[in-house]
Visitor: 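Next up is a structure, given as structure tokens.
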Amino acid sequence: MISILRIAGIATGIFTVVLVCFPVRAAESPTPAAPPQSPPPAAAADDELPYVYTHWKHFTTADGLPNDHIFAIKADGPRVWVGTEDGLACYDKTTGKFRVWKEKDGLPWRAVTGIDVDKKTGDVWLALFGGGLARFSGGRFDHFHQLNSGLVNDVVYGVAVENDNVWAATTAGASRYNVKTRQWTIFTEKNAPMEEIWNYGVSYDQGKVYLAVWGSGCLEYDVAVANSGKGDPWKAYLDPDGEMEIDLYRDDGIIHVIVTGASHVEDALWISTYFGTCRYDGRHWRGFYAKETGLPSDFTNNLKARSSNECYFAHDKGLGVVADFRTDTYVAYTRDPNTLRGKARIYRSGRLLKEVDMERSVPHNFQIAVEVDGNDIWAGTGKGLGWGIGKGYYPGVKANPDWLHEKHIAVVSRQERK
Amino acid sequence: MRSFSLSCMILILFAAVVQAEPGARPSNPTAWHPPLAVDAETLKILEEVNSLNAYQVPNLPLKTDENYAHTSRDLEPFRHVTPYKRHFLEQMEYYGAGRTIPEPEDVKTVKIGFIGPIEPTVSVATGGKSHNEELLGKKMLQGCVLAIEEANAQGGYLRRNIPFELVVSNDNGLWGSSGNEIIKQAYKDNVWAILGTIDGANSHIAIRVALKAEVPMMNSGDMDPTFIETNIPWVFRCVGDDRQMNYLLADYLFRKLKMKRVGIIRASNRYGRFGVREIRDSARRLGYPIPIEMAYQLGQTDFSLHLDRIQAANVDAVVHWGNADDGARILNQMRARGMNQPFFVCDRCVSREFVEIAGKNADGVIGCYPWNPDRKDPKLDAFRERFRKRFENDEKFGKDAEVETYSAHAYDGMNMLIWAIQVAGLNRAKIRDVLAYRTQPWPGVTGDIIFSAAMDDIGEVYLAKYENGRWRYYSREDLAIPRGPQRPPGDRGELIASPQNP
């Protein structure tokens with residue numbers, strides 16, 4: 001950490017000299033060229049439908065949760081860890097019971113905003129919203145904060161385990177802790193391409209760490225490149241138009257630089273922002289706006305991808321799904337605020353195909369966290385936790401699927417609505 | 001990390017009418033009925049937000065704007081291409097479950113948070129050692145203290161007859177500690193709303209916390225345009241921002257004065273960097289790109305290197321964006337070397353400190369200003385008088401009893417929060433609602449405060465000119481400053497496809 005700070009200090013000095021001695025260039029910003037066209041979606045018949053979750057369980061404080069305001073979910077085999085605004089919970093899927101830890105039980109701080117599990121050790125790492133970072137291991141909480149560690153800030157939004165490292169996305173940069181060497185590394189604007197340092201989320205997949213940075217897009221950190229010491233491990237994904245108030249082209253890059261989450265699976269990087277969502281396959285970007293897809297909203301708190309073809313988005317107006325990217329097919333799960341019944345709407349290329357009425361879907365429309373758990377999904381909301389049970393789940397689309405004939409749902413097609 | 005609480009409680013518990021609005025009428029006695037007179041629109045908002053279950057959202061109209069921030073068409077980014085999507089044209093709604101959280105029974109005071117730079121500090125966000133920001137922060141605190149004390153003198157929180165309490169945190173920008181302070185206020189102090197702060201970077205950190213903790217946040221001192229460009233439904237700003245002031249200055253420089261080469265010198269911190277962005281962009285879009293922009297380190301006193309280059313660039317005028325003392329020293333060094341170009345400054349330089357350092361050189365300097373302190377308004381005069389009486393002998397505030405931008409806007413912002421709490425009760429979501437759905441301007445001491453769809457004050461901003469030993473304030477109309485073409489009504493100018501659904 002000391003060496004990094006020293007390097008950062010030298011870098012700052014150089015920057016200062018450059019800034020003082022040379023004018024800031026008032027560069028022209030020509031209109032960016034229109035991006036290459038994304039491949040058109042594959043054709044699909046209207047009866048080819050994505051999987052729809054029609055079996056849901058809801059959990060609130062009445063069922064043993066410590067708090068109904070759900071901030072984070074992490075599936076871990078038979079267990080599901082749940083971070084709330086006031087406590088940590090662990091749901092045992094085999095017994096159907098919750099275990100709960102609050103501050104009086106040793107949890108270092110009440111609000112748990114991120115969770116990851118170290119697959120090698122089973123340690124549970126917790127991002128604490130204003131309380132730093134905690135490791136839950138062997139029934140004991142170890143607490144890391146600004147005053148006893150290299151954690152750059154105690155407001156931690158997200159945590160991710162990368163090999164022997166634990167990454168923390170904080171409001172003043174990212175911190176990395178090596179559990180073997182116990183060394184901390186801090187990443188800020190001084191040693192990473194962070195135009196702003198307000199980290200919001202972090203995830204790890206296939207040798208790369210993805211930081212979702214409010215005001216600085218998505219930053220990709222290549223672990224192998226960093227370890228080799230050759231080349232720049234960082235790659236920044238930004239909105240090419242550089243403007244806050246517009247999105248010049250939908251498919252030219254990230255929808256907006258205020259990024260809330262990044263989830264990389266297979267060969268696709270999915271990104272959520274407060275202005276819409278998008279996907280990058282390494283060659284093409286594709287943006288998703290609610291108005292043209294049927295997704296519940298553009299304001300997206302978080303996301304989780306299941307594959308390069310399927311991703312779940314925690315919107316403020318419901319749970320949105322790019323259910324089959326290939327055919328441009330979407331599902332929007334909501335709860336009717338008046339009847340409290342569940343709804344799933346299926347769209348293709350902005351066209352409503354079917355509306356599914358069911359006893360329940362998501363517990364509340366204000367979605368904050370989402371997790372993919374094998375064939376199941378979990379939805380963390382402003383009022384309760386939802387478990388979508390993926391009985392008969394299938395990827396992509398299928399003609400005349402089994403769920404369509406379940407007796408407890410009512411399906412209305414677009415034509416019938418008319 | 002350091003914080004302290006300042007109790008501003010004057011327990012005069014007699015019934016009183018609190019800041020009733022013009023045209024207000026008493027409402028029906030119901031459980032949610034506010035203990036003060038409110039207008040019909042507010043009553044309708046209250047009726048709606050109090051009728052909801054935890055899953056419903058108010059069926060109330062959201063604010064919409066034709067174009068963002070009154071930007072004229074020729075100043076829109078990439079104006080020759082229709083963008084796919086325009087943001088900030090429709091007000092953000094809060095869709096959470098917070099409206100049904102019941103008012104707690106065990107409160108002894110109604111806490112409102114304050115976060116601002118009130119102690120010298122070392123700050124990464126502000127560019128190193130803090131540089132007089134605490135002077136601005138203390139003025140902001142004065143405005144808040146007076147608003148709280150006045151509310152308490154009129155009965156405090158009228159539903160319970162308990163006092164308001166100001167919970168004060170220093171905005172120490174080091175390592176993003178403003179986020180920790182907001183967490184403390186939201187979860188430990190249990191404040192009902194927060195006012196702050198000044199530094200753009202720290203404000204961004206604070207509003208991210210406010211969004212997740214679901215607490216209303218009023219800003220009265222951060223002019224960073226990007227502060228509001230975040231789509232957070234919990235954030236309000238009751239002061240005109242640098243975008244508005246940049247547009248006015250750009251129109252004056254390029255459309256009115258027909259200048260062609262304007263140089264910029266600014267602080268190399270977020271305030272300077274974002275403060276001039278719309279001047280730079282406007283200049284380029286109008287066909288007169290800024291030939292030179294120099295950034296200086298906070299705390300330096302010799303600007304000869306920067307001025308050498310600006311002088312060599314042969315500019316018609318110089319714009320400065322930074323603190324008052326820096327601006328005054330730059331001006332003095334310009335004049336000393338024979339650079340007699342007109343000097344334009346940001347609102348921080350429209351101050352006594354600037355004039356004291358600049359001396360005679362201050363004559364003719366023109367600055368941007370978010371309000372008109374010369375406005376003839378009995379409300380403003382009375383506020384000045386009360387402010388003078390309250391602080392002229394207060395050692396803690398250095399007996400500084402002058403009303404300026406930061407104190408006046410903080411007073412307005414705090415009064416908006418107090419009003420919202422009185423009207424909505426102790427529920428953060430409903431406190432947000434009565435401010436967010438309000439369509440009438442807030443009649444503040446700084447003038448009418450009108451929120452855009454982005455919850456930003458889009459009221460008029462001014463140019464201040466130092467002449468005959470004082471600052472005088474001019475509106476766009478006073479100076480006949482032309483305005484660029486506006487987007488026609490109904491033309492959102494975006495390409496996004498319409499849904500094809502029933």
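Note on naming: letters A, B, ... go to the chains in the order of the sequence lines (proteins, then strands), and numbering restarts at 1 for each one.
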Visitor: State the CG-CG distance between A:Leu340 and B:Asn53, to the nearest 0.5 angstrom.
Guide: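 Nearest 0.5 Å value for the CG-CG distance: 6.0 Å.
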Visitor: For B:Arg243, is it the side chain, the backbone, both or neither that has a heavy atom under 4.5 Å from a heavy atom of chain A?
Guide: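 Only the side chain of B:Arg243 comes within 4.5 Å of chain A.
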Visitor: Between A:Asp298, A:Ile255, A:Asn199, which has the largest tally of heavy atom pairs under 4.5 Å with chain B?
Guide: A:Asn199
Visitor: Check each atom of B:Tyr187 against the heavy atoms of chain A and say whether the ones under 4.5 Å are side chain, backbone, both or neither.
Guide: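 Contact with chain A is through both the backbone and side chain of B:Tyr187.
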Visitor: Would B:Lys85 and A:Glu245 pass as an ion pair if we require N to O under 4.0 Å?
Guide: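 Not counted as a salt bridge, because no side-chain N and carboxylate O are separated by less than 4.0 Å.
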Visitor: So for A:Asp252, is it side chain, backbone, both, or neither that comes closer than 4.5 Å to the heavy atoms of chain B?
Guide: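 For A:Asp252, neither part sits under 4.5 Å from chain B.
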Visitor: Could you have a look at A:Tyr200, A:Tyr249, A:Tyr289 and say which one has the most heavy-atom pairs with chain B under 4.5 angstrom?
Guide: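 Top count of heavy-atom pairs under 4.5 Å with chain B: A:Tyr289.
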Visitor: Please state whether the side chain, the backbone, both or neither of B:Thr71 comes within less than 4.5 Å of a heavy atom of chain A.
Guide: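 For B:Thr71, there is no contact with chain A at all, as no heavy atom is under 4.5 Å.
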Visitor: Check the pair B:His87, A:Ile246 against side-chain contact (heavy atoms from CB on, under 4.5 Å), reporting the backbone distance first and the verdict last.
Guide: CA-CA 6 Å; B:His87 305 303; A:Ile246 61 163; 5.5 Å; no
Visitor: Just by distance, do the side chain of B:His204 and the backbone of A:Trp214 share a donor-acceptor pair under 3.5 Å?
Guide: no
Visitor: Compare every heavy atom of B:Ala97 with every heavy atom of A:His364, then report the nearest pair and how far apart it is.
Guide: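 Shortest heavy-atom separation between A:His364 and B:Ala97 comes out as NE2-CB, 3.6 Å.
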Visitor: Do the ring centers of A:Phe275 and B:Phe88 come within less than 6.0 Å of each other?
Guide: yes
Visitor: Does the pair B:Met92 and A:Tyr274 meet the rule for a side-chain contact (heavy atoms from CB on, under 4.5 Å), with working shown?
Guide: CA-CA 11 Å; B:Met92 294 300 294; A:Tyr274 287 147; over 6 Å; no
Visitor: Search all heavy atoms of A:Asp316 against all heavy atoms of B:Tyr95 and return the closest pair with its distance.
Guide: O-CB, 3.1 Å
Visitor: With a 4.5 angstrom heavy-atom cut-off, could you sort out which part of B:Glu214 is near chain A: side chain, backbone, both or neither?
Guide: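 Contact with chain A: side chain only.
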Visitor: At a heavy-atom separation under 4.5 Å, does A:Phe299 approach chain B through its side chain, its backbone, both, or neither?
Guide: side chain
Visitor: Sort out for me which of A:Gly215, A:Gly130, A:Ala111, A:Gly382 touches chain B most, counting heavy-atom pairs under 4.5 Å.
Guide: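 Maximum pair count with chain B is reached by A:Gly130.
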Visitor: Might you work through the side-chain contact (heavy atoms from CB on, under 4.5 Å) test for B:Tyr55 and A:Asn365, ending with a clear yes or no?
Guide: CA-CA 7 Å; B:Tyr55 306 91; A:Asn365 288 336; over 6 Å; no
Visitor: Are there over 12 heavy-atom neighbours, none belonging to B:Asn59, within less than 6.0 Å of that residue's CG?
Guide: no
Visitor: Can you say whether B:Val209 sits under 4.5 Å from chain A via the side chain, the backbone, both, or neither, judging by heavy atoms?
Guide: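 For B:Val209, backbone and side chain are both near chain A.
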Visitor: At a 4.5 Å cut-off on heavy atoms, which part of A:Asp241 comes close to chain B: side chain, backbone, both, or neither?
Guide: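 Contact with chain B is through both the backbone and side chain of A:Asp241.
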Visitor: Just give me the residue among A:Met244, A:Lys383, A:His256 that pairs up with chain B most often, heavy atom to heavy atom, under 4.5 Å.
Guide: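 Among the listed options, the one with the most contacts to chain B is A:Met244.
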Visitor: Passes side-chain contact (heavy atoms from CB on, under 4.5 Å), A:Glu196 versus B:Arg270? Steps please.
Guide: CA-CA 10 Å; A:Glu196 309 293 1; B:Arg270 190 184 176 87; 2.6 Å; yes
Visitor: On a heavy-atom basis, which atom in B:Lys212 and which in A:His69 lie closest, and how many Å separate them?
Guide: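 Shortest heavy-atom separation between B:Lys212 and A:His69 comes out as O-CE1, 4.3 Å.
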Visitor: Is it the backbone or the side chain of A:Arg335 that comes under 4.5 Å from a heavy atom of chain B, or both, or neither?
Guide: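 Only the side chain of A:Arg335 comes within 4.5 Å of chain B.
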Visitor: Would you mind checking which part of A:Thr170 comes under 4.5 Å of any heavy atom in chain B, side chain (CB onward), backbone (N, CA, C, O), both or neither?
Guide: backbone
Visitor: Does atom NZ of A:Lys343 have more than 12 heavy-atom neighbours from other groups under 6.0 Å away?
Guide: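 Buried by this count: over 12 neighbours within 6.0 Å.
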Visitor: Counting heavy-atom pairs closer than 4.5 Å to chain A, which one of B:Leu52, B:Ile264, B:Leu211 comes out on top?
Guide: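 Highest number of pairs under 4.5 Å: B:Leu211.
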Visitor: Contact part of B:Asn231 toward chain A, heavy-atom cut-off under 4.5 Å: side chain, backbone, both or neither?
Guide: both
Visitor: At a 4.5 Å cut-off on heavy atoms, which part of A:Leu248 comes close to chain B: side chain, backbone, both, or neither?
Guide: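 Both backbone and side chain.
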Visitor: Does any backbone or side-chain atom of A:Phe129 lie under 4.5 Å from a heavy atom of chain B? Answer side chain, backbone, both or neither.
Guide: both
Visitor: Side chain, backbone, both or neither: which part of A:Gln367 has an atom under 4.5 Å from a heavy atom of chain B?
Guide: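 Neither part, no heavy atoms under 4.5 Å.
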Visitor: Any idea which heavy atoms bring B:Arg208 and A:Thr171 closest together, and the distance?
Guide: NH2-OG1, 2.9 Å
Visitor: Would you please say whether a donor-acceptor pair under 3.5 Å links the side chains of A:Glu292 and B:Tyr84?
Guide: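 Result is yes, a qualifying pair exists.
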